[in-house]
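What follows is a set of notes on a single structure, which appears directly below.
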Amino acid sequence: KPEWVDAPESVYPASIYISAVGESTKREWAEQNALSNLSRFFKTSISVTQDVSDRYLTLLNDSNTTNSQETEVLESILITSKQDSLIGAKIAQTWTDEEGRCYAVAVMEKQKTAQIYSELVNKHTLEINKLLEKSKNADSILTAYSDLSLAYVLAAVNDDLLSVISVVDVNLWKKIYPEYGTAQAVKKLASEEASKITVNLIYDASVDDRIVSAFADVFTGMNFKVQKNGGGDYNFTIDYKVEQIVLADNPNKFCRYTVNGTFADAKTGKILSSFSENGREGHVSYTEAYQRVLRVSEEKILDDFAVKFNK
């Protein structure tokens, strides 16, 4: 039996590596368990959500200084949240005993990991500080909120990078820990700014209440105030239409939907953002087809519109 099975530190010194062993009836499962056990050394679980990752990738794509390492880090963070793997981690060795039991040892080289993560933390922190300062002199509350919202995206990624650094090199962690604090502190600033924004929903009687509520939920989820009687800082005009359609050689009943939303400055009328989706759903009756259309429309608004608006 290899020495690392019972004592990985004897082969991979704790001064250089973080190591963990996993076992299972299959080698790939043993490897997954080893990576999962390795992740337990860290203080916090990976918290970057898909929404944050989408917005982070947008920032990278819009940047002229994007490098493949940043994309790799994000992808690894996302993988970690689902599979307990970590950037810089690798399966160093595997072994199968006489009874077919499989073992694997996962290791991370502390110095290399600390260097990769700290470079990104410093880069993000510099950009976050710029956005925080920019938000103080923004020409509108919405612009200030947008700056703070982007700062939060970077800070959320930083939180996870810092959680790794705190384990591999605590002195480095203390040295580069940002003055702004945590992502939660930045999110609070964004939320406070958002609370100053009032969105007026404009729609006619033909728009189903569930569609109006879905859009309202997106805005209130960002801490915007929502009203339906005019007088807001911004107008959001909703247009929603559903029509019955017939498909040749198909006995089911179908409904086609179109949902449009326009976000505009209430004073100038300038359109700042728009949203449009369409599709069709079928069922044995038009009543059920309509209900399906409503459910799909709600999902599109709560997911796709929310992501697009935040970008």
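Keep in mind that this is a model prediction, so the values were computed, not measured. FYI, the numbering just counts along the sequence from 1.
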Handout entry: Distance in Å, His124 NE2 paired with Leu162 CG, rounded so as to fall on 0.5 Å steps
Key = 10.5 Å
Exercise for the section: Would you give the length of the straight line joining atom CG of Asp97 to atom SG of Cys102, rounded to the nearest 0.5 angstrom? Expected result: 8.0 Å
Practice task
Evaluate the criterion side chain to side chain contact (heavy atoms under 4.5 Å, CB included) for residue pair Arg256 and Asn278; output intermediate values, then yes/no.
Solution key: CA-CA 7 Å; Arg256 179 187 290 120; Asn278 63 80; 5.7 Å; no
Handout entry: Validation row: Arg101, Glu23 side chains within 4.5 angstrom (heavy atoms)
Key = yes
Exercise for the section: Please identify each residue that fulfils side-chain contact (heavy atoms from CB on, under 4.5 Å) with Ile91, with sequence neighbours left out. Expected result: Glu31, Ala34, Leu35, Thr94, Ala104, Ala106
Exercise for the section: Mark yes or no for whether Asn235, through its side chain, and Ala264, through its backbone, hold a donor-acceptor pair below 3.5 Å. Expected result: no
Problem - Reported OH-to-CZ distance for the pair Tyr203 and Phe236, which is rounded to 0.5 angstrom - result: 12.5 Å
Completion exercise
Taken in chain and number order and not counting sequence neighbours, the residues that satisfy side chain to side chain donor-acceptor pair (under 3.5 Å) with Ser297 are Tyr240
Problem - Thr198 and Tyr234, any side-chain heavy atoms less than 4.5 Å apart - result: no
Practice task
Can you measure from CG (Leu142) to OG (Ser149) and round to the nearest 0.5 angstrom?
Solution key: 10.0 Å
Exercise for the section: May I ask you to check whether Tyr145 and Tyr152 place their ring centres under 6.0 Å from each other? Expected result: no
Handout entry: Gap separating the CD1 atom of Ile18 from the CD atom of Glu109, nearest 0.5 angstrom
Key = 11.5 Å
Atom pairs and distances, donor-acceptor, side-chain atoms in residues 208-225, under 3.5 Å, two or more places apart:
{"unit_1": "Asp208", "atom_1": "OD1", "unit_2": "Arg210", "atom_2": "N", "d": "2.9"}
{"unit_1": "Asp208", "atom_1": "OD2", "unit_2": "Tyr290", "atom_2": "OH", "d": "3.0"}
{"unit_1": "Arg210", "atom_1": "NE", "unit_2": "Glu298", "atom_2": "OE2", "d": "3.2"}
{"unit_1": "Arg210", "atom_1": "NH1", "unit_2": "Gln291", "atom_2": "OE1", "d": "3.0"}
{"unit_1": "Arg210", "atom_1": "NH2", "unit_2": "Glu298", "atom_2": "OE1", "d": "2.9"}
{"unit_1": "Ser213", "atom_1": "OG", "unit_2": "Asp209", "atom_2": "O", "d": "3.0"}
{"unit_1": "Thr220", "atom_1": "OG1", "unit_2": "Ala216", "atom_2": "O", "d": "3.0"}
{"unit_1": "Thr220", "atom_1": "OG1", "unit_2": "Asp217", "atom_2": "O", "d": "3.2"}
{"unit_1": "Asn223", "atom_1": "ND2", "unit_2": "Ser191", "atom_2": "O", "d": "2.9"}
{"unit_1": "Asn223", "atom_1": "ND2", "unit_2": "Ser191", "atom_2": "OG", "d": "3.0"}
{"unit_1": "Lys225", "atom_1": "NZ", "unit_2": "Ser195", "atom_2": "O", "d": "2.4"}

Exercise for the section: Quick one: pull up NZ in Lys130 and CG in Leu150 and give me the separation to the nearest 0.5 Å. Expected result: 14.0 Å
Handout entry: Asp233 vs Ile141 side-chain heavy atoms within contact, under 4.5 Å
Key = no
Practice task
Would you check if Thr96 and Tyr103 make a side-chain contact, meaning some heavy-atom pair closer than 4.5 Å?
Solution key: no
Practice task
Report yes if the side chains of Asn129 and Tyr180 come closer than 4.5 Å at any heavy-atom pair, otherwise no.
Solution key: yes
Completion exercise
Closest non-hydrogen contact found for Tyr286 with Phe254 is CE2-O, 3.3 Å
Exercise for the section: Quickly, which of Ile128, Val186, Thr125 forms a side chain to side chain contact (heavy atoms under 4.5 Å, CB included) with Pro178? Name it, please. Expected result: Thr125
Handout entry: Working for side chain to side chain contact (heavy atoms under 4.5 Å, CB included), residues Phe309 and Ser273
Key = CA-CA 7 Å; Phe309 188 82; Ser273 179; 4.1 Å; yes
Exercise for the section: For Leu272, look at atom CG and say whether over 12 heavy atoms of other residues, nucleotides or ligands are found less than 6.0 Å away. Expected result: yes
Exercise for the section: Provide the closest heavy-atom pair for Cys255 versus Ile245 in the form atom of the first, atom of the second, distance. Expected result: N-CG1, 4.3 Å
Handout entry: Contact summary for Glu277 and Phe275, nearest pair of heavy atoms
Key = CG-CZ, 3.3 Å
Practice task
Following the transitive rule for hydrophobic clusters with a side-chain heavy-atom cut-off under 4.5 Å over Ile, Leu, Val, Met, Phe, Trp and Tyr, establish whether Ile202 and Val207 coincide in one cluster.
Solution key: no
Problem - Check: Lys123 side chain, Ser118 main-chain N or O, donor-acceptor pair, under 3.5 Å - result: no
Exercise for the section: Output, in order, the C-alpha distance, side-chain angles, deciding distance and verdict of side chain to side chain contact (heavy atoms under 4.5 Å, CB included) for Leu132 and Lys136. Expected result: CA-CA 7 Å; Leu132 293 177; Lys136 297 176 184 178; 5.5 Å; no
Handout entry: Asp265 (side chain) donor-acceptor with Gly269 (main chain) under 3.5 angstrom
Key = no
Exercise for the section: Taking the side chain as every heavy atom from C-beta outward, state whether Ile165 and Val170 have any pair of such atoms under 4.5 Å apart. Expected result: no
Completion exercise
Sequence neighbours excluded, the answer for side chain to side chain donor-acceptor pair (under 3.5 Å) partners of Asp169 is none
Handout entry: Donor-acceptor contact below 3.5 Å, side chain Asn37 vs main chain Val21
Key = yes
Exercise for the section: Would you kindly confirm whether Val105 and Val168 end up in one hydrophobic cluster when ILVMFWY residues are joined by side chain heavy atoms under 4.5 Å apart? Expected result: no
Handout entry: Polar contact flag, side-chain donor to acceptor under 3.5 angstrom, Ser140-Thr143
Key = yes
Practice task
Report the residues that fulfil side chain to side chain donor-acceptor pair (under 3.5 Å) with Ser276, sequence neighbours left out, ordered by chain and then residue number.
Solution key: Asn260
Problem - Heavy-atom closest contact (Asn200 atom, Gly232 atom, distance) - result: CB-N, 4.1 Å
Practice task
Give a yes or no on whether a salt bridge exists between Lys1 and Asp6, defined as a side-chain N under 4.0 angstrom from a carboxylate O.
Solution key: yes
Problem - Connected via hydrophobic side-chain network under 4.5 Å: Val11 and Met108 - result: no
Practice task
State plainly whether one hydrophobic cluster holds both Ile238 and Ile197, where clusters connect Ile, Leu, Val, Met, Phe, Trp and Tyr through side-chain heavy atoms under 4.5 angstrom apart.
Solution key: yes
Exercise for the section: Would you name the heavy atoms of Val293 and Glu281 that are closest together and state the gap between them? Expected result: CG2-CB, 3.8 Å
Problem - Presence of salt bridge, Asp147 and Lys134, under 4.0 angstrom - result: yes
Practice task
Flag the pair Lys300 and Asp304 as a salt bridge only when some basic side-chain nitrogen lies within less than 4.0 angstrom of an acidic carboxylate oxygen.
Solution key: yes
Handout entry: Taking every non-hydrogen atom, the tightest pair across Leu154 and Leu131
Key = CD1-CD1, 4.3 Å
Problem - Beyond-backbone contact of Asp239 with Val259, side-chain heavy atoms, under 4.5 angstrom - result: no
Practice task
Report yes if the side chains of Asn171 and Lys175 come closer than 4.5 Å at any heavy-atom pair, otherwise no.
Solution key: no
Exercise for the section: Evaluate side chain to side chain contact (heavy atoms under 4.5 Å, CB included) for Lys241 paired with Tyr257, printing each intermediate quantity in order. Expected result: CA-CA 6 Å; Lys241 290 182 171 56; Tyr257 72 92; over 6 Å; no
Exercise for the section: Identify, with sequence neighbours excluded, every residue that meets side chain to side chain donor-acceptor pair (under 3.5 Å) alongside Tyr17. Expected result: none
Exercise for the section: Determine whether more than 12 heavy atoms belonging to other residues, nucleotides or ligands lie under 6.0 Å from atom CD of Glu28. Expected result: yes
Handout entry: Transitive ILVMFWY side-chain link Tyr12 to Val167, under 4.5 Å
Key = no
